[in-house]
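Beneath this line is the structure, given in structure tokens, with notes to follow.
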Amino acid sequence: MEDSLDNDSLRHSAAHLMAAAVSRLFPGVKLDIGQPTEDGLYFYYDFDLPRRLAPEDFGAIEKEMRQLVKRAIPFERVECSRAEAQTRLSQAGQTYKLERLADIPDGQSITFYRCGDFEDLCRGPHVGSTADLPAFKLTSVAGSYYRGDERKPMLQRVYGVAAESDAALKVILDRIDEAARRDHRKLGKELDLYSIEETVGPGLIHWHPRGARIRSLIEDFWRREHFRAGYELLYSPHIGRAGLWQTSGHLDFYAENMYAPMDIDGYPYYVKPMNCPFHIQIYKGQKRSYRELPFRWAELGTVYRYEKSGVVHGLLRVRGFTQDDAHIFCTPEQMEGEIRRVLRFGLSMLRAFGFESFSAYLSTRPAKAVGEVERWEQATRALAAALDQEQVAYRRDEGGGAFYGPKIDIKIRDALGREWQLSTIQFDFNLPERFDLSYIGDDGKEHRPYMIHRALLGSLERFFGILIEHYAGSFPFWMAPEQVRVLPLTEHQLEYAEQVCDRMRRADLRVVVDARSDKIGAKIRRAQTERVPYMLILGPKEVEAGMVALRARAEGDLGAMTLDAVMDRLSRENVVVRNEG
RNA sequence: GCCAACGUAGCUCAGCUGGUAGAGCAGCGCAUUCGUAAUGCGCAGGUCGUGGGUUCGAUCCCCACCGUUGGCUCCA
């Protein structure tokens, strides 16, 4: 990634510069904290102000910032004692800062950064002086709870971008523009892939023919790969009786994400927020032997979860979605091999969709947890070993696991360098216990199986949204809803066009003839904007010679060739590009 | 859920301080038969998100609700 997108201390200093400017404009302002954002693009600062800011205020703040830059005021590091810091902050009336000060552990040095008459409790580091902040722009303002706690007061967070030069700032702004151009909500509408209907409800996705075609291709690929990898497929109901969810613990621990029950013959039933209890019922349907394990049971299971109204977002955060779910039931001896296998399989699946760069979190046992410590440790070791073996860089999130088991979360990096969390592989020591799962071992006794819950793509909705942005709507050939559009020059070539189309269709290519009476330029433009990978242009010359003129979405005109040559080329392209890493 | 902004035709948007709406694209019709990113002419299309209020009169002002967007928290 370019340096200009990765300059943390510069953005940090820009946040302070903005805070200094705001302090001058609003003398009574109470400061919280300001930082660069993790995506490498923005900085922000949280303020408690007497009035609401609006984008119209940005001009005045920026102007004040520019004046401070012109004066080239140095950032000075000032170390002081806790008592002194307390005095300074309470004199300044900075109550949030006082609380932040109390968070700094004893023994750690306490520093202020002074910039002219503005000073701020901060660990730094900063750039030398305000003159090192020549290029910046404020971008948005939003509410933000103090410490992210909705019971605490809401502060105003102002976001901006900053760079070491105007040119570098333009790189950042261009990246932001490019992200906006690729936004799956915009492309989803333009390419007629999906919609969300107010009359139906927020967070509920309608897959239009083109989107549904892509989904169907993804699902077909997904199923084929799962069968090859030794999975079996399950389908399970969308609702289940309250008792099931009582046993699973969902009604105790997950109720706020579940929809109200419906009454069926006097009994309450719940729409499923997860698939696991159903898979478990299938497991429990008969006595299981160690000889038949492991079970690898997968389901494209559609679940419904209540999400707060403010958080639903396009395809990325919805209220009904289809998980590419699977549960693996295995013996302790098989567990380590299964983990490795799942991880390897998961990465190959993601590579097939064009993702090359992965990172992971390994979340370990929290203080409050179920299951024997020994099992936790064994499982955590197996997860770490698998990550090492597959050479996936990971960070340990100590104590960050769910109460029921340790897990790996895999993030991918997309074409714009943004990270998205997709896959999750998690142990579950809770449900086997609650449902009293067992298998008969070679000693003839009952044993508790290991249960591993995993999703690779996450959910089809979310994954689709990420794919749209990753490819900017130009899906690879194998996934394109329409692969080839045949463009007769005039209606005199229509019959030939139909013949060409028929032949390609019989070879399972997704082909459409544009029979409208537009000029060829207009037809090409339409096919280009609709991201059709290939166009066949047919005029009198092609009819005469029995040829076709091929045009590629990306490369443009490729000249005349025989239909056989085209079909040969396309059939070679019509496979998922495998990169087995 | 909370804070803020927004909601006008299928889409993208215009509509000065209140006098019941307009463009481009898309759609439909007709003409055109054209060589690698927009052929011309015409037609049709809107309870101005919903409900209430203020007013002689509301797309415009006020209130409530619904939805969207940017965030916070959370998450597949």
Side-chain angles (χ1 to χ4, degrees), chain A residues 37 42 44 46 51-56 139-159 180 183 185-186 189-190 192 195-203 254 256-257 273-275 301-303 305-325 409 420-424 426 453-466 487-494 516-530 535-542 549-553 555-560:
Chain A
T37 58
Y42 298 93
Y44 68 81
D46 286 350
R51 72 167 174 88
R52 300 290 169 201
L53 289 177
E56 292 74 59
T139 55
S140 61
V141 55
S144 162
Y145 294 111
Y146 176 55
R147 290 174 185 272
D149 185 337
E150 61 190 21
R151 291 162 305 191
K152 297 224 157 71
M154 183 162 274
L155 308 176
Q156 296 191 72
R157 176 171 294 183
V158 179
Y159 284 88
D183 191 307
R185 293 165 300 182
K186 181 172 144 70
K189 206 177 278 178
E190 284 173 8
D192 196 18
S195 65
I196 298 162
E197 306 293 336
E198 187 175 340
T199 33
V200 176
Y254 206 69
E256 71 276 14
N257 286 296
M274 292 188 193
N275 305 299
T302 303
V303 297
R305 298 181 185 172
Y306 173 73
E307 297 287 354
K308 289 182 187 169
S309 63
V311 306
V312 293
H313 178 94
L315 291 170
L316 300 182
R317 189 78 181 272
V318 296
R319 284 180 171 166
F321 58 97
T322 301
Q323 291 182 300
D324 72 316
D325 208 355
D409 290 317
W420 305 94
Q421 206 238 290
L422 289 181
S423 313
T424 179
Q426 35 193 97
H453 175 109
R454 55 112 276 204
L456 304 180
L457 309 180
S459 85
L460 292 176
E461 287 75 9
R462 184 176 151 82
F463 186 67
F464 186 37
I466 292 165
L487 310 179
L489 194 68
T490 74
E491 64 189 24
H492 302 305
Q493 291 82 37
L494 195 52
R516 296 161 51 135
S517 70
D518 292 314
K519 299 210 291 197
I520 197 68
K523 293 185 187 185
I524 288 168
R525 180 184 163 81
R526 193 160 48 240
Q528 286 288 153
T529 44
E530 290 171 18
M535 285 152 260
L536 291 181
I537 290 133
L538 308 180
K541 280 186 281 184
E542 285 74 23
L550 184 64
R551 182 188 164 99
R553 167 177 69 190
E555 297 99 305
D557 190 1
L558 297 174

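Chain identifiers are assigned alphabetically (A, B, ...) following the order of the sequence lines, protein sequences preceding nucleic acid strands; residue numbering begins at 1 within each chain.
Within the 4.0 angstrom heavy-atom criterion, base atoms lie near Val318(A). Heavy atoms of Leu422(A) sit under 4.0 angstrom from primed sugar atoms or phosphate atoms, though from no base atom. Contacts of Lys523(A) with the nucleic acid, taken as non-hydrogen atoms under 4.0 Å apart, are absent. Nucleic acid contact for Ser144(A): sugar-phosphate only, since backbone atoms but no base atoms lie under 4.0 Å from a heavy atom of the residue. Across all strands shown, Pro55(A) has no heavy atoms under 4.0 Å from either base or sugar-phosphate atoms. Among the heavy atoms of the strands lying under 4.0 Å from Glu542(A) is at least one base atom, whether or not backbone atoms are also near. Ala522(A) comes within 4.0 angstrom of the backbone, heavy atoms only, and of no base. Residue-level contact check: Ala54(A) touches neither bases nor backbone, having no heavy atom under 4.0 Å from any strand. Within the nucleic acid shown, Gly310(A) comes within 4.0 Å of at least one base atom, counting heavy atoms only. Here Arg551(A) lies in heavy-atom contact (under 4.0 Å) with a base. The residue Ile520(A) sits close only to the backbone: its heavy atoms come under 4.0 Å of sugar-phosphate atoms, none of a base. At the heavy-atom level, Gly148(A) lies under 4.0 Å from the strands shown only through sugar-phosphate atoms.
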Canonical and wobble pairing (Watson-Crick, G-U, under 3.5 Å) of RNA chain B, dot-bracket with |: (((((((..((((.....[..)))).(((((.......))))).....(((((..]....))))))))))))....
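Note that CG of Leu489(A) and NE2 of His492(A) are 9.5 Å apart. Values are rounded to the nearest 0.5 Å.
Of the candidates rA76(B), rU39(B), rA37(B), rA76(B) carries the atom nearest the Thr424(A) side chain, counting heavy atoms from C-beta on. Among the nucleotides rC3(B), rU36(B), rC34(B), the one closest to the side chain of Met154(A) is rC3(B). Listed nucleotides: rA37(B), rA76(B), rU12(B). Nearest to the side chain of Lys189(A): rU12(B). The side chain of Arg516(A) sits closest to rG27(B) out of rU68(B), rG27(B), rC75(B). For Val311(A), the side-chain atoms get nearest to rC72(B) when compared with the rest of rU39(B), rC72(B), rC11(B). Closest to the side chain of Thr490(A), out of rU39(B), rA38(B), rU33(B), is rU33(B).
In terms of phosphate contacts, Tyr159(A) brings a side-chain nitrogen or oxygen within less than 4.0 Å of OP1 or OP2 of rC72(B). For Ser309(A) and rG1(B), the shortest distance from a side-chain N or O to OP1 or OP2 is below 4.0 Å. Between rU36(B) and Arg525(A), no contact under 4.0 Å exists linking OP1 or OP2 to a side-chain N or O. Note on His313(A): every side-chain N or O is 4.0 Å or more away from OP1 and OP2 of rC75(B). Checking the phosphate oxygens (OP1, OP2) of rU12(B), no side-chain nitrogen or oxygen of Lys186(A) falls inside 4.0 Å. Contact annotation: Tyr44(A) side-chain N/O to rC72(B) OP1/OP2 distance is not under 4.0 Å. Proximity of Arg185(A) to the phosphate of rU69(B): a side-chain N or O atom is located under 4.0 Å from OP1 or OP2.
In terms of polar N and O atoms assigned as donor or acceptor, the side chain of Tyr145(A) comes within less than 3.5 Å of the base of rG1(B) in a complementary pairing. In terms of polar N and O atoms assigned as donor or acceptor, the side chain of Ser517(A) never comes within less than 3.5 Å of the base of rU33(B) in a complementary pairing. A donor-acceptor contact under 3.5 Å is formed by the side chain of Glu307(A) with the base of rA76(B).
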Donor-acceptor pairs under 3.5 Å, side chain of residues 308-318 of chain A to any protein atom, not counting sequence neighbours: which ones?
{"from": "Lys308(A)", "atom 1": "NZ", "to": "Glu150(A)", "atom 2": "OE1", "distance (Å)": "3.4"}
{"from": "Arg317(A)", "atom 1": "NE", "to": "Glu307(A)", "atom 2": "OE1", "distance (Å)": "3.3"}
{"from": "Arg317(A)", "atom 1": "NH2", "to": "Glu307(A)", "atom 2": "OE1", "distance (Å)": "2.6"}

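Remark: Arg551(A) does not engage Asp557(A) in a salt bridge, criterion side-chain N to carboxylate O under 4.0 Å. The pair Lys152(A)-Asp149(A) meets the salt-bridge criterion, since a charged nitrogen lies less than 4.0 angstrom from a carboxylate oxygen. Residues Asp518(A) and Arg526(A) are paired through a salt bridge, judged by an N-O separation under 4.0 Å between the basic side chain and the carboxylate.
The gap from the C1' atom of rG40(B) to that of rU33(B) amounts to 14 Å, rounded to the nearest Å. With both ends at atom P, the span from rC61(B) to rU8(B) equals 15 Å, rounded to whole Å. The separation of rA31(B) from rG10(B), taken at their C1' atoms, amounts to 26 Å, rounded to a whole angstrom.
The aromatic ring of Phe321(A) sits over the base of rA76(B), with ring centres less than 5.5 Å apart and planes tilted by under 30°.
The CG atom of Leu558(A) sits 20 Å away from the P atom of rG35(B) (whole-angstrom rounding). Spacing between atom NZ of Lys519(A) and atom P of rU39(B) amounts to 6 Å, rounded to whole angstrom units. Between the CD atom of Glu190(A) and the P atom of rC25(B) there is a distance of 17 Å, given to the nearest Å. To the nearest angstrom, P of rU73(B) lies 18 Å from OH of Tyr306(A). The interatomic distance linking Glu198(A) (CD) with rC6(B) (C1') rounds to 13 Å, in whole Å. Following rounding to the nearest Å, Leu550(A) (CG) and rG35(B) (P) show an atom-to-atom distance of 20 Å. Computed from coordinates, the Arg305(A) CZ to rA76(B) C1' distance equals 6 Å when rounded to whole Å. Put simply, CD on Glu530(A) is 16 Å from P on rA37(B), counting in whole angstrom units.
With the nearest nucleotide of RNA chain B identified for both Arg147(A) and Ser140(A), Ser140(A) has the one nearer the 5' end. Both Gly458(A) and Ala549(A) sit near RNA chain B, but only Ala549(A) has its closest nucleotide nearer the 5' end.
Looking only at distances, a side-chain donor or acceptor of Asp324(A) sits under 3.5 Å from a matching main-chain atom of Leu457(A). With hydrogens and angles ignored, the 3.5 Å screen pairs a side-chain donor or acceptor of Arg462(A) with a backbone N or O of Gln421(A). A distance-only check finds no donor-acceptor pair linking the side chain of Glu555(A) to the backbone of Ala552(A) [under 3.5 Å].
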Side chain to side chain contact (heavy atoms under 4.5 Å, CB included) between Arg305(A) and Arg319(A), worked out: CA-CA 5 Å; Arg305(A) 298 181 185 172; Arg319(A) 284 180 171 166; over 6 Å; no
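Taking the ring-ring contact (aromatic ring centres under 6.0 Å, His included) definition, one finds that Tyr159(A) meets it with Tyr44(A), sequence neighbours left out.
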